[in-house]
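All remarks here apply to the structure that follows.
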Amino acid sequence: MSEHICARCAHCQKTCCQETDIYVSLGDLRRIEQFTGRADFTEFRAASDPVYREVDGDPLWQACVFRDDGTKRVLKHHAGGDCTFLGERGCSLPTEVRPLICRLYPFDYDAGGIRDELASGCPTHLLASDETLPQAIGMSRTDAERWHRMLYQEIQMESAAPATLCTLD
């Protein structure tokens, strides 16, 4: 099992970097623009997967991320469904430049914090018997908690909703 879990995943299914709506916060936008020198990597689009439209459990997310027309800022995809930054070796962006959504996956969360149970989607059956998913992808809960705080601070900067709706009170 010397191959990275994400590579093993790509051999058996579509990955989280393919055909997934990756929300891009204003902070993500600035970090990626600064790193790449490009500004052509996002678009406003309605969620293609119904799971991403049903965010009733996180009213802050609903109020701050989605515009009145139901769209949100997401990374563009290539014609085959791959994320614009997905390369042969995985993401072409360094970890601290990637969208916060990407950094946080597979942790599941809402405005209240990181949940104990991981999000579904990763083929955990491909893990070594003594390995956890966060270990396999090299992520700590401390990093996830820091990125979660950043994400919710950044979504509150969105102009999609009146400032009074985009608070963590």
Side-chain angles (χ1 to χ4, degrees), residues 1-29 31-32 35 41-42 45-62 64-66 72-78 80-156 168:
M1 295 238 179
S2 62
E3 191 176 47
H4 192 273
I5 183 66
C6 296
R8 286 180 265 158
C9 174
H11 294 304
C12 70
Q13 67 183 33
K14 287 284 189 181
T15 70
C16 53
C17 301
Q18 300 165 307
E19 300 177 351
T20 302
D21 297 319
I22 304 297
Y23 166 70
V24 179
S25 71
L26 289 173
D28 292 332
L29 185 70
R31 285 184 291 275
I32 296 169
F35 179 79
F41 53 87
T42 64
R45 185 172 68 234
S48 55
D49 185 336
V51 169
Y52 295 107
R53 283 180 281 203
E54 299 167 10
V55 291
D56 297 335
D58 195 347
L60 181 62
W61 185 268
Q62 182 68 40
C64 299
V65 170
F66 290 93
K72 63 182 177 178
R73 185 184 317 99
V74 297
L75 289 176
K76 289 182 179 178
H77 291 151
H78 294 294
D82 291 357
C83 169
T84 192
F85 294 112
L86 181 60
E88 289 184 24
R89 295 180 149 175
C91 186
S92 61
L93 298 173
T95 300
E96 292 296 325
V97 175
R98 291 178 190 161
L100 290 162
I101 295 293
C102 298
R103 292 188 230 176
L104 280 165
Y105 192 77
F107 284 98
D108 201 7
Y109 54 88
D110 59 20
I114 303 284
R115 295 188 182 121
D116 289 333
E117 189 170 313
L118 297 175
S120 61
C122 283
T124 54
H125 65 281
L126 298 175
L127 295 170
S129 61
D130 62 341
E131 187 177 44
T132 67
L133 189 52
Q135 288 170 332
I137 60 175
M139 184 194 309
S140 71
R141 184 159 180 119
T142 302
D143 285 338
E145 289 169 350
R146 177 173 54 93
W147 295 330
H148 175 268
R149 284 188 304 275
M150 285 175 64
L151 176 63
Y152 277 86
Q153 289 168 353
E154 291 180 10
I155 70 168
Q156 291 177 80
L168 283 172

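Residues: numbered from 1 along the sequence shown.
Here L86 contributes atom CG and C91 contributes atom SG; the two are 7.5 Å apart, rounded to the nearest 0.5 Å. Summarising the geometry, atom CD belonging to Q153 is positioned 13.5 Å from atom CG belonging to L26; distances are rounded to the nearest 0.5 Å. Note that NE2 of H78 and SG of C83 are 7.0 Å apart. Values are rounded to the nearest 0.5 Å. The OG1 atom of T42 lies 6.5 Å from the CZ atom of R73; values are rounded to the nearest 0.5 Å. Taking CZ from R31 and CG from L93, the interatomic distance works out to 11.0 Å, rounded to the nearest 0.5 Å. Atom CG of D28 sits about 7.5 Å away from atom CG of L151, to the nearest 0.5 Å.
Closest of all the heavy-atom pairs between I155 and C64 is O-CB, 3.3 Å. Scanning all heavy atoms of the two residues, the minimum distance from M139 to A144 falls at SD-CB, 4.0 Å.
Aromatic ring centroids of F107 and W147 lie 6.0 Å or more apart.
Checked for salt-bridge contact, E145 and R141 meet the test: a charged N lies under 4.0 Å from a carboxylate O. Between R45 and D21 there is a salt bridge, with a side-chain nitrogen of the basic residue lying less than 4.0 Å from a carboxylate oxygen of the acidic one.
With R98 contributing its side chain and R103 its backbone, the two residues share no donor-acceptor pair below 3.5 Å. Of the possible donor and acceptor atoms, none in the side chain of Q62 sits under 3.5 Å from a partner among the backbone N and O of D58. With hydrogens and angles ignored, the 3.5 Å screen pairs no side-chain donor or acceptor of H148 with any backbone N or O of L100.
Ring pair Y23/W61 is perpendicular by interplanar angle, where above 60° counts as perpendicular and below 30° as parallel.
No option in I32, L104, L29 other than I32 meets the side-chain contact (heavy atoms from CB on, under 4.5 Å) test with P99.
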